[in-house]
Amino acid sequence: MKIVLFFLSFCLMLSCQTKKTILFNTLKYTERKALFCYENCQADSINCTYLRVSYPYFDKNNQELDSFLNHQIQQVLLQRPDSGQFISIDAMRDSLFKEYEAFKKDIPDSELPFTEEINITVEGGKDSLLSLECLHYYYQGGAHGSTVIKRRMFDLAKREVLTPHHWIQLKNPDLLTLAAKAFRAYQEIPDSMSFTDAGYFWEADGYADGEFRLNDNFLIKNDSVMWLYNQYEIAAYAAGTPEVKLSLQQVLPYLNKNGK
């Protein structure tokens, strides 16, 4: 009897120590929000300078996994385009307000506000791959604001950031042919028209000028792989954020050996 009890206890101990593979669509998280308004102005007023953030907070999954994901989200959240990394949301807020005060000192009659909004969302995934998107909008005077969208994927099983170039053969000629055809169809660009003539300006980076290329800003959603180009990346501001989408089935032949 003692042997049986010992065996059952040993099996229970092993089962508790075994890591459970978590699928992306079973993750538990809540949405966290924060709003900081300069001198307590009303955020919905046209002259209010403010910082607004929204992001998922993972909890009650696997403790190691929750810690990993929340750390990665903070890294993305606190990275302002062209301004480096901040140590906290408060530091980002203070930076925005100080920049606004310097602006007002130079142009005291201006009623233009400085606004910054960061929204990180869970966009989907596949099996143990999780896709997140961070939309970062900021306005600091001028004709219009700027929007930067960053996409990130994580391997939940390995607790790793999925580095795009290590996962997919982004420069594979056959993959580029498929993607270029899909991009033409979505943007309604005739085969007889070059991308340059259509207003797109892919630059060198190992490619011939004007030649279609894929970037590393993509994610998996609803069994599709979706690339996004940010404002000014391949076209004028008016073109917005062009996308190209391929089915995951189309992309599978071009995954690297160490990919999923």
Side-chain angles (χ1 to χ4, degrees), residues 7-33 53-79 85 118-136 148-172 174-176 178-179 182 214-230 243-260:
F7 178 76
L8 290 175
S9 299
F10 181 73
C11 290
L12 180 61
M13 180 184 68
L14 286 180
S15 65
C16 291
Q17 291 179 345
T18 301
K19 287 185 177 179
K20 181 181 178 181
T21 300
I22 298 179
L23 304 179
F24 83 94
N25 54 0
T26 65
L27 286 172
K28 302 179 183 67
Y29 63 92
T30 56
E31 184 182 19
R32 289 193 169 183
K33 298 182 179 181
V53 299
S54 174
Y55 58 96
Y57 180 79
F58 292 87
D59 192 22
K60 299 179 180 178
N61 300 292
N62 173 284
Q63 184 176 2
E64 180 184 351
L65 178 60
D66 287 338
S67 178
F68 165 75
L69 289 174
N70 290 328
H71 174 72
Q72 293 301 325
I73 286 171
Q74 287 296 307
Q75 292 294 106
V76 176
L77 177 69
L78 298 175
Q79 186 176 33
Q85 194 83 19
I118 309 168
N119 184 28
I120 300 179
T121 53
V122 174
E123 289 296 309
K126 180 68 176 178
D127 299 331
S128 63
L129 300 183
L130 172 70
S131 299
L132 296 181
E133 181 173 274
C134 175
L135 188 152
H136 195 141
V148 175
I149 299 174
K150 296 175 287 188
R151 292 176 165 178
R152 296 289 186 270
M153 290 200 299
F154 305 99
D155 187 324
L156 302 178
K158 297 180 180 179
R159 317 289 196 261
E160 291 178 353
V161 179
L162 198 61
T163 306
H165 288 282
H166 292 161
W167 185 69
I168 190 171
Q169 302 165 21
L170 291 174
K171 294 188 177 183
N172 185 289
D174 294 332
L175 176 61
L176 290 174
L178 282 173
L214 290 169
N215 63 14
D216 59 4
N217 197 28
F218 67 91
L219 53 73
I220 295 176
K221 183 177 182 179
N222 298 330
D223 285 322
S224 294
V225 183
M226 304 169 67
W227 283 264
L228 179 140
Y229 302 91
N230 275 295
E243 279 193 290
V244 58
K245 179 172 70 173
L246 294 174
S247 71
L248 182 57
Q249 194 65 31
Q250 288 177 294
V251 174
L252 285 177
Y254 308 104
L255 299 185
N256 290 320
K257 292 181 180 180
N258 61 336
K260 289 294 291 182

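Counting from 1, the numbers follow the sequence of the chain as shown.
Heavy-atom minimum distance, Leu27 versus Leu69: CD1-CD1, 4.2 Å. Of all non-hydrogen atoms in Gly125 and Ser131, the two that sit nearest each other are CA-OG, 3.9 Å. Taking each heavy atom of Leu129 and Phe24 in turn, the nearest pair found is O-CB, 3.4 Å. Here the closest heavy-atom approach between residue Leu132 and residue Leu219 is recorded as O-CD2, 4.0 Å. Taking both residues in full, the closest heavy atoms of Asp216 and Pro164 are given as O-CG, 3.5 Å, listed atom of the first, atom of the second, then distance. Of all heavy-atom pairs between Ile149 and Leu228, the closest is CB-CD2, 3.8 Å.
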Between Arg151 and Glu243, does a salt bridge (charged side-chain N to carboxylate O under 4.0 Å, His left out) hold up when you go through it step by step?
CA-CA 12 Å; Arg151 292 176 165 178; Glu243 279 193 290; 2.7 Å; yes

Set out, in order, the CA-CA distance, both residues' side-chain angles and the distance that settles side-chain contact (heavy atoms from CB on, under 4.5 Å) for Cys134 and Leu77, then state yes or no.
CA-CA 8 Å; Cys134 175; Leu77 177 69; 6.0 Å; no

I would like to know whether Glu64 and Arg159 meet side-chain contact (heavy atoms from CB on, under 4.5 Å); could you show each step before the answer?
CA-CA 8 Å; Glu64 180 184 351; Arg159 317 289 196 261; 4.0 Å; yes

Run Ser128 and Asp155 through side-chain contact (heavy atoms from CB on, under 4.5 Å) and show every step you take.
CA-CA 6 Å; Ser128 63; Asp155 187 324; 4.0 Å; yes

Go through the steps for Leu156 and Asn62 under the test side-chain contact (heavy atoms from CB on, under 4.5 Å), then give the verdict.
CA-CA 10 Å; Leu156 302 178; Asn62 173 284; over 6 Å; no

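Counting heavy atoms from C-beta outward, Pro56 and Thr121 have side chains that stay 4.5 Å or more apart. Using a 4.5 Å cut-off on side-chain heavy atoms (C-beta onward), Leu178 and Tyr254 make contact. Between Leu214 and Tyr229 there is a side-chain heavy-atom pair separated by less than 4.5 Å.
No more than 12 heavy atoms of other residues, nucleotides or ligands shown are found within 6.0 angstrom of CD on Gln63. For Tyr29, the OH atom sits in a loose shell: 12 or fewer heavy atoms of surrounding residues, nucleotides or ligands are nearer than 6.0 Å. Under a cut-off of 6.0 angstrom, the local environment of CG in Asn25 is crowded, with over 12 non-hydrogen atoms contributed by other residues, nucleotides or ligands. In Lys150, the NZ atom is crowded: over 12 heavy atoms of neighbouring residues, nucleotides or ligands sit closer than 6.0 Å.
The distance from the CG atom of Asn215 to the CG atom of Asn230 is 8.0 Å, given to the nearest 0.5 Å. Rounded to the nearest 0.5 angstrom, Gln85 CD and Leu78 CG are separated by 6.0 Å. How far CE of Met226 is from NZ of Lys245: 5.5 Å, rounded to the nearest 0.5 Å. Taking OG1 of Thr163 as the start and CE of Met153 as the end, the distance is 10.0 Å to the nearest 0.5 Å. One finds the CD atom of Glu133 at 11.0 Å from the CZ atom of Arg152 (value rounded to the nearest 0.5 Å). Rounded to the nearest 0.5 angstrom, Asp223 CG and Lys126 NZ are separated by 4.0 Å.
Using bins of under 30°, 30° to 60° and over 60° for the plane-to-plane angle, the ring pair Phe218/Trp227 lands in the tilted bin.
In this structure, the side chain of Asn222 does not engage the main chain of Ser224 through any donor-acceptor pair within 3.5 Å. Looking only at distances, a side-chain donor or acceptor of Asn256 sits under 3.5 Å from a matching main-chain atom of His165. Side-chain N or O atoms of Asn70 include one that pairs as donor or acceptor with a backbone N or O of Phe58 at under 3.5 Å.
A cation-pi contact links Arg32 to Tyr57, judged by a cut-off of 6.0 Å to the six-membered ring centre and 45° from its axis.
A salt bridge between Lys28 and Asp59 is absent, with no side-chain N of the basic residue lying under 4.0 Å from a carboxylate O of the acidic one.
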